[in-house]
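This report refers to the structure that appears directly beneath it.
Chain naming here is simple, since letters A, B, ... match the order of the sequence lines and numbering starts at 1 in each.
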Protein chains: 2
Amino acid sequence: MIDYAHQEQWTNGFGNQQSPIHIQTSSTAAKTGPLPVTIQSAYRLNQEIDDQTTIRLTGQGQADIFSRPFSFQQVHFHAPAEHVIDGHQTPFEIHLVHQNEIGQLVVVALLVEIGTADQPCQRIIDNYAVGKTTATQLQIDQWLPQQPAGFHYLGSLTTPPLVEGVEWLVVTNPAVTIDSSQLDWFKQHFAPNNRQPQSLAGRKVESYQ
Amino acid sequence: MIDYAHQEQWTNGFGNQQSPIHIQTSSTAAKTGPLPVTIQSAYRLNQEIDDQTTIRLTGQGQADIFSRPFSFQQVHFHAPAEHVIDGHQTPFEIHLVHQNEIGQLVVVALLVEIGTADQPCQRIIDNYAVGKTTATQLQIDQWLPQQPAGFHYLGSLTTPPLVEGVEWLVVTNPAVTIDSSQLDWFKQHFAPNNRQPQSLAGRKVESYQ
């Protein structure tokens, strides 16, 4: 089980392009248009896994990300958020993990605020079984907004083995909120599972607003 | 100085997606069309560096690679080749190193056979000064063929620190050959500087022919 209380002891043999990061919008490079991620085939989840530190759901889907085809592979949750924007940390962050045919990884991170309850999240909560992997049927591509705004940078997985070369799209206007009772449920079932922001170490962050 | 004679002792903290590789064409995934690399702005070299184990030249240029903009950064040489195709190792391999705005690396590798002498290579030879960095003015984008055929996979730098997350386009029909006297010159000035092929470890290699 991943020990977030002693995360400074995690083994990182990889270097200095780690995730998450604290993004200072004043230091980003402004780009034109929304983040180029377009769903080509619905994101459907069929398996819900109690990962001990979070819930992970696997499924299928297809997207074009920066004009290249990627397969959606799994989604999982962090509370509170891992990415921080200008000092603001949302209470919840959703990671949509994608891979292409040669194995390149892209994570689309949704920074989720408190608002109206989300129906797929509620079904995930209702379907949860401690220590178990359960079948489910859910569609979640509606979480991505039509015009995703946010940030683009090169980082790593945020859990061991902390592999680098991972491309991040951090979406600040997702089409999903959760309500406080859904957030409370996650906090009651999982300890805080956010890795601390890592040094930017000279990396450039692009801003799509 | 990089010690190729004891390369098994190089520190690799990165994992099992290393380069170069031995490509078995019968195990590749066939894709349609040529390798999608298109030069948008000429590759011009302005500095020639004696790297002790090879010659490296830095410069500028722009290309679209898999529909994304990349800047050409530097070119260097390996003799014999690092990538092996169906047991065949060419005597020479040229690495064109590219980076995009967020720092993703793409290397376009040209597998070079013996044939007619190459003029830019001759100017690099004539301009070489032991242990020195010298100014030069050269254009090399003509080395890329109009319809590049070859392979696409995810790997690493082939010299320490052996960073992974590097995208490789291995071109088997480059528009450049060198003659035997040019090859002999490289062999006289540099010890063999090819890293041995690394385990594929389940990676998929795409073929564009």
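For the pair B:I102 and A:R203, the minimum side-chain heavy-atom distance is 4.5 Å or more. Looking at heavy atoms from C-beta onward, B:K31 lies in side-chain contact with A:E101 at the 4.5 angstrom threshold. Proximity of B:E164 to A:E164: side-chain heavy atoms (C-beta onward) are nowhere separated by under 4.5 Å.
Proximity to chain A among residues 51-90 of chain B is limited to B:F66, B:S67, B:R68, judged by heavy-atom separations below 4.5 angstrom.
For B:Q142, the CD atom is densely surrounded, since the number of other residues' heavy atoms within 6.0 Å is greater than 12. Summarising the local packing, CD of A:Q139 is surrounded by more than 12 heavy atoms from other residues, nucleotides or ligands at distances under 6.0 Å.
Here the CG-CD distance, from A:L154 to B:Q99, works out to 9.0 Å after rounding to the nearest 0.5 Å.
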